[in-house]
Number of protein chains: 2
Amino acid sequence: MRTLINEVSKSIGKEVTLYGWIHRIRDLGKISFIILRDRSGLIQLVTEHTPEFPVESVVKAAGVARLNEKAPGGIEIELKDIKVLAEAHGDLPIAVNQDPAKLSLEAILDHRIISLRNPKILSIFRLQSGILKYFSEHMRNEGFTEIKTSKLIGTGTEGGTGLFPVQYFDRKMFLAQSPQFYKQAMVSSGLESVFEIGDAYRAEKHDTPRHLNEYVSLDVETAFIDSEQELMDLEQRILKSIFKGLAEDSAGIIETWGSDIPSAEDVDKIPRITHDEAKEIISKESGKKVFEINPEGERILCEWAGETHGIDAVFVYAFPRRKRPFYTYPVENHKTMSFDLLFRGLEITTGGRRINEYPMLLESIERFHLNPEGLADYLDIFKYGCPPHGGFAIGLERLTQKILGLANVKEASLFPRDRKRVRP
Amino acid sequence: MRTLINEVSKSIGKEVTLYGWIHRIRDLGKISFIILRDRSGLIQLVTEHTPEFPVESVVKAAGVARLNEKAPGGIEIELKDIKVLAEAHGDLPIAVNQDPAKLSLEAILDHRIISLRNPKILSIFRLQSGILKYFSEHMRNEGFTEIKTSKLIGTGTEGGTGLFPVQYFDRKMFLAQSPQFYKQAMVSSGLESVFEIGDAYRAEKHDTPRHLNEYVSLDVETAFIDSEQELMDLEQRILKSIFKGLAEDSAGIIETWGSDIPSAEDVDKIPRITHDEAKEIISKESGKKVFEINPEGERILCEWAGETHGIDAVFVYAFPRRKRPFYTYPVENHKTMSFDLLFRGLEITTGGRRINEYPMLLESIERFHLNPEGLADYLDIFKYGCPPHGGFAIGLERLTQKILGLANVKEASLFPRDRKRVRP
């Protein structure tokens, strides 16, 4: 029977069988200390034999659990027997058992298969798994239905730029930038409230700490809303569930990364300001005239929110119509019922109410100089009666990045893709 | 305050406000009956006014809830006020309020945006959402970590055939056929047990009731197993959780489709037979000599299992090495530690133990005449110590299809892609 490392404390004085990786070896001649790593943690093995296998070898180790104040974690295993299940071959290209801060981002990502063995690096993805869990649980608790839609599309609802072409048998298709079209279709189909966890692709040439060409989008769409204000309420409820869950089961990871997580009270304090107010605040704080909210502006707004509201996050709404897609619901003075959520200096969500009335949508398509024929399938959603609705998307990697305070969003993607990075 | 249709029974004698779609109108002159549809169900509205909006229009309706034995469901709403929120424009290309058995599969899929409004068709995807829920919950309960891996790959681990090429900036990439490489990497990284819900792409020219070119794969991989037998145990536990959850919350849907769901006791009875035994059974039942298990053979095996074991499902294991990928763990007599699960006549899972020892993998690559250089990143997983492990994948659409007894797997995909079908 296997004992997990984090359960050895229940078997003091007894023999246990552990499985795991050799994390570190300290050979003092007469005695050797071996640190064993499994999915639940690290533990020290003590033996009088000289270990004859390199670090990272996978072993089955049997021995007696003893309390020892000097051992890391206060427990060690007096080794009786150790069997190598898979021996490591050759020197590691990067060290796995050291502080990853010593490694460059390039080294971490070039040797991704190996760097993920570092417990601190791997912990990013344990936390990310928690985000997926608490997000889905929250959506289901609010009566949302999970959907899975095609990522292979004929043309983009938002035009053909920024799309990766796919050779699909004898024709060209594209990788979807978002499930926008499909989640609106599913609201209209009668599900009313839907969510999707899916890949999104952006053929943008940016190489910045905030961009990925392939990312996971947490998409939400819901019917019978009046304005974007209800969507911001919904996003606050979702974030509270995610943050609460992570505070409970990932506190150690957050601490290891030197970060902290907003409380429910903090999330309730997130201010809501209009796009015009946002520009004024940035102007005032930076002393410069502001024409649009760029990344520097996003950082300034979050700092302002931190100082004035006690949480470095802010909703910006009422974006001008020319800055939003054609399907965004317009309001007077060329504004829209749309919003962004900025969190710790970065936009992590874009959303809004969508146009649901067929005549208004036709008018908007004309106004944006788009071709209604290319949008025929999209228009069918609205032609036959579509409820007022709206939604938003949260970038999974960006949210992970900001929760842990990672410098680059690529650190929060298991196998990131950028213009040059196509492997592993 | 909105009342959902399935909650009206709590408000008999009171005024309620409902939101939904006009499902059907019966205008008798002096009196009209309107069937309203929302995400929770259908209800009858009664009015002395002639409705002046077409079916599928979206409305807000207020009225008093009354018990009426003659009304469908025993309750009706005495309409006080009705407001059109979004009027339907033009005649529907297909009827939404009729039995979908009257429509061809082509009509259903060509008009997918509209046909999904049919409650019976839409119910397929409510049940599918439940599969996603119970699958993830089960995996987390067994300590598995959810991962999200890239679908853009340089080359296939299983060679370049059957892959869709993507123009990725100035180079060619491919859409992944499975997360095989990545889930093995994540086992080896130290997570040990992982699952992924992700898209998989097969550039196969088949046009059959069992093939999709884009589908959702429920992938599982776990460390420290000895053989494929433990994987079959795991899959039985997963299926029991999914079937139990669906029996509780989707019984109505399963009944509507005239299907039934296996009990936990049934799942425990699934027989396990070797590939050789499977061929013998097919030979015996069909009276023909059998060289491989084709779709007809899969149907025969499930019928046999139904008759002899009381459940029309069967695990087939010990496939010959030449029928499995190079990474499948070999055993004596040119066999492998691999298996398929056939359910109601269809293969819904392929899996097995994988080779984890580096020298054995190098040998297998040579034996299969593959190029180790093209597999350098894959080999890194094993070079530095990888535990014994294995896994499998369940096709979401195939499982949905078989639970509901749908004739074609395309019915179980919201927006299916095949060689010709590229929209909506």
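No other option in A:E56, A:E192, A:K60 has as many heavy-atom pairs under 4.5 Å with chain B as A:E192. Chain B forms more heavy-atom pairs under 4.5 Å with one residue of A:R37, A:M173, A:E357 than with any other, namely A:M173. Counting heavy-atom pairs under 4.5 Å between each of A:P388, A:S188, A:A203, A:S136 and chain B puts A:S188 at the top.
Only the side chain of A:L175 comes within contact range of chain B, with heavy atoms under 4.5 Å apart. Looking at B:D110, neither its backbone nor its side chain comes within 4.5 Å of chain A, counting heavy atoms on both sides. Heavy-atom distances place both the backbone and the side chain of A:K205 under 4.5 Å from chain B. Interface remark: B:D199 contributes side-chain atoms only to the contact with chain A (heavy atom separation under 4.5 Å). Heavy atoms closer than 4.5 Å to chain A are found nowhere in B:N118, neither backbone nor side chain. Contacts between B:F224 and chain A at a heavy-atom distance below 4.5 Å involve the side chain alone, from C-beta outward. Residue B:I113 touches chain A through its side chain alone, counting heavy-atom pairs closer than 4.5 Å. With a threshold of 4.5 angstrom between heavy atoms, B:K133 approaches chain A through its backbone and through its side chain. Of the atoms belonging to B:R112, not a single heavy atom falls under 4.5 Å from chain A.
With hydrogens and angles left out, the side-chain atoms of A:S150 and B:E214 include a donor and acceptor closer than 3.5 Å. Residues A:Y358 and A:D380 have side chains that never bring a donor and an acceptor to within less than 3.5 angstrom of each other. Remark: the A:R140 side chain and the B:S129 side chain contain an N/O donor-acceptor pair separated by less than 3.5 Å. B:T145 and A:R39 are not linked by any side-chain donor-acceptor pair at a separation below 3.5 angstrom, with hydrogens and angles left out of the test. At a cut-off of 3.5 Å, with distance as the only test, a side-chain donor of B:Y378 or B:Q184 sits close to an acceptor on the other residue.
The residues A:E204 and A:R417 are annotated as not salt-bridged, no charged nitrogen and carboxylate oxygen being separated by less than 4.0 angstrom. Between A:E196 and A:K151 there is a salt bridge, since at least one side-chain N of the basic residue sits less than 4.0 Å from a carboxylate O of the acidic one.
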